[in-house]
Protein chains: 2
Amino acid sequence: MKKLSPTIRDVAAAAGVSVATVSKYMNGAQRFSAPVEARLKAAIEELGYRSNPLARSMITGRSRTIGLTILDISNPHFTNVVKGANRVALRHDYTLLLVDTDENQARERPLIEALAQRVDGLIVSSRIPDDEAQWLLDLDKPLVLLRRSDALPLPSVGIDNRLATYMLARHLLNLGHRHIAYLGFGQARINDERIRGARECLEEAGLTLDVYDAHAPTAHAGEDACSRVMLGPRRPQAVICYNDLIALGFMKEAASLGIRVPHELSVTGVDNVPYGEYAAPALTTVDIQSEKMGELAMQKLIDALAGHAAAGHSTFEPRLIVRESTAACG
Amino acid sequence: MKKLSPTIRDVAAAAGVSVATVSKYMNGAQRFSAPVEARLKAAIEELGYRSNPLARSMITGRSRTIGLTILDISNPHFTNVVKGANRVALRHDYTLLLVDTDENQARERPLIEALAQRVDGLIVSSRIPDDEAQWLLDLDKPLVLLRRSDALPLPSVGIDNRLATYMLARHLLNLGHRHIAYLGFGQARINDERIRGARECLEEAGLTLDVYDAHAPTAHAGEDACSRVMLGPRRPQAVICYNDLIALGFMKEAASLGIRVPHELSVTGVDNVPYGEYAAPALTTVDIQSEKMGELAMQKLIDALAGHAAAGHSTFEPRLIVRESTAACG
DNA sequence: GTGAAAGCGCTAACAG
DNA sequence: CTGTTAGCGCTTTCAC
């Protein structure tokens with residue numbers, strides 16, 4: 001029993017044709033005479049031949065593989081992005097090469113550069129500042145960014161972050177809250193946009209926004225930040241968190257501190273992760289259509305790969321999801 | 001401004017050496033005379049040369065890529081597996097090729113077969129029955145299974161599912177519950193083991209287990225199943241769910257039905273997903289160390305790739321996490 | 001329709 | 001240490 005898989009030459013020999021013919025047959029490149037086609041089919045079946053995608057890629061320069069770099073697969077937002085991107089990729093017969101940079105900035109560049117060499121195109125979510133991102137363009141691969149970037153001439157998809165937090169702030173104002181805090185995540189580029197949205201809304205009402213920072217975009221960081229925010233000198237009536245994970249942690253810790261949500265404190269997040277719905281109380285948030293973002297990013301990339309003109313930026317509309325973690329100011 | 005990336009030949013020419021020398025230099029295969037090394041370094045820097053991993057792989061037969069197939073990246077259990085596997089892969093300079101089969105059985109085989117051709121080895125989580133899995137062995141690639149399989153001579157990692165639900169049942173018995181139901185997911189192979197564990201424990205106490213089935217391993221399915229279980233003729237005092245997601249959905253729906261958890265009903269899951277902690281009430285569950293499973297699976301595969309004898313099956317010990325969704329029977 | 005030949009970019013002996 | 005020489009498995013002109 002032999003081990004090594006059969007090559008195109010084995011098939012050619014078995015079928016009594018040339019390798020060129022086998023190649024064309026495998027690629028459905030043209031039509032064949034009945035007898036040749038029959039022998040080809042038989043030989044391939046017989047040998048269990050499967051063409052070597054590596055050899056093929058080396059020549060064609062295409063691997064039917066797309067790279068996706070994200071910051072942390074544990075974050076349900078990214079999980080959904082991956083889910084969406086993967087679905088579209090599969091549909092078009094592409095395979096996803098996933099790289100999780102683990103929120104580690106130093107790692108990003110080498111990882112992405114290495115990845116770029118093995119794929120036909122990339123979808124990138126990173127914390128790289130626009131002005132340090134020149135090398136991204138030098139990758140010479142079709143690229144789609146998972147955030148808006150005016151500085152980089154790259155197609156991208158994202159949401160209107162300003163509007164997202166504006167909506168949240170408006171919702172809280174409508175509920176009668178006047179003292180509203182924002183618990184952000186400064187490392188994220190979009191943090192500023194989110195601050196701005198909330199602040200603008202409050203300023204229109206003649207109010208100001210107290211800004212705090214969590215040290216990670218995680219539930220754990222939200223827990224850690226809670227006492228600092230709630231037991232400090234400027235205890236807010238409502239808190240807008242950078243994302244749902246932080247909000248979830250914050251709510252849990254608030255409960256531990258004996259603060260009742262939403263009666264004594266309203267809490268909101270952003271992302272609409274699947275588990276906000278099962279939290280205690282269910283989390284009011286803004287849906288940013290993570291899965292759709294992944295789908296669209298992949299679709300754009302595949303379009304670009306197919307030679308269609310690269311699209312510009314696409315923005316998804318945020319949608320407020322009111323649940324039980326916000327209530328009238330009492 | 002030229003586009004095509006420089007090849008090893010360009011570097012050789014620029015440095016005035018042979019391609020073999022460049023190749024060896026790139027692979028750090030040996031030492032070089034100072035002048036040659038200097039020229040090499042300069043030429044590479046100058047041209048921005050990066051070796052083509054495809055061409056290299058074709059010869060060496062190694063791609064430093066590992067395939068991981070999972071059923072659904074949205075399930076936090078798998079998310080953690082991916083996280084763990086990715087971490088170990090990165091540490092060893094491997095890249096993860098992720099395939100999410102979307103709980104679609106028909107898709108699995110072609111996807112895995114295609115994946116197998118592009119990677120050095122695979123970690124597989126699938127619903128393929130052991131007796132239909134012969135083709136997995138024919139892949140001729142190092143493989144690690146994410147579940148125990150006595151029928152397949154493959155290394156694997158998993159947990160003691162029997163013990164997991166046994167522990168849960170014991171915990172509920174200790175709390176005084178006598179009428180305990182199991183809400184499973186029949187499609188999963190390990191479902192039977194989980195039923196058995198709970199059943200054995202109850203039988204030792206002279207009790208029987210009522211078994212129900214959710215139609216998916218998701219929170220939504222848990223919600224759907226709730227009324228069927230709780231408003232049927234045999235209303236249980238406690239429910240052991242196949243996994244945390246189902247449990248989370250079940251709890252939420254129970255609340256909607258006016259059933260207070262844990263006072264009127266104890267609910268448990270399995271997996272210890274990150275958000276069970278933030279649910280209402282916090283979910284009692286069994287930790288199965290998903291991330292560690294991913295790490296170990298990857299470690300085993302990398303060891304196998306490095307020529308070390310393939311290990312057999314490794315079992316993680318489940319650990320009961322008591323939170324607030326279980327309480328003394330009242 | 002079919003085949004011969006020339007590589008893709010790189011590595012792997014083997015000489016020197 | 002460095003270079004020569006064969007290819008890896010496949011696609012791609014370009015004749016026939």
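Just so it is clear, the values below take in all heavy atoms, side chains as well, and ignore hydrogens, waters and symmetry mates.
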- request: List for me each residue that meets side-chain contact (heavy atoms from CB on, under 4.5 Å) alongside A:Asp120, sequence neighbours excluded, and say none if there are none.
  value: A:Arg62, A:Ser63, A:Tyr94, A:Leu305
query: Taking the side chain from B:Asn86 and the backbone from B:Lys83, do they hold a donor-acceptor pair closer than 3.5 Å?
result: no
task: Count the heavy atoms of every other residue, nucleotide or ligand shown that sit under 6.0 Å from CD of B:Gln30, and state whether that count exceeds 12.
output: yes
message: Less than 4.0 angstrom between a side-chain N/O of A:Arg56 and OP1 or OP2 of D:dC10, yes or no?
response: no
task: Kindly express the pairing pattern of DNA chain C in dot-bracket notation, using | wherever a base pairs with another strand and counting only Watson-Crick or G-U pairs under 3.5 Å.
output: ||||||||||||||||
message: Run the side chain to side chain donor-acceptor pair (under 3.5 Å) test against B:Asp130 and tell me which residues pass, sequence neighbours left out.
response: B:Arg147, B:Ser149
task: Compare the minimum distances between each of D:dT11, C:dC10, D:dC10 and the side chain of A:Thr60, then state the nucleotide with the smallest one.
output: D:dT11
message: For a quick test of reading the model: is some side-chain N or O of B:Tyr25 closer than 4.0 Å to OP1 or OP2 of C:dT11?
response: no
query: Counting side-chain heavy atoms from C-beta on, which of C:dT2, D:dT11, D:dT4 comes nearest to A:Ile8?
result: D:dT11
field: Proximal nucleotide (of D:dT4, C:dG3, C:dA5) relative to the A:Val19 side chain
entry: C:dA5
query: Hey, does the side-chain of B:Arg9 have a donor or acceptor N/O within less than 3.5 Å of a partner on the base of C:dG9?
result: yes
Minimum-distance nucleotide to B:Ile59 side chain [options: C:dG9, D:dC1, D:dT12]: C:dG9
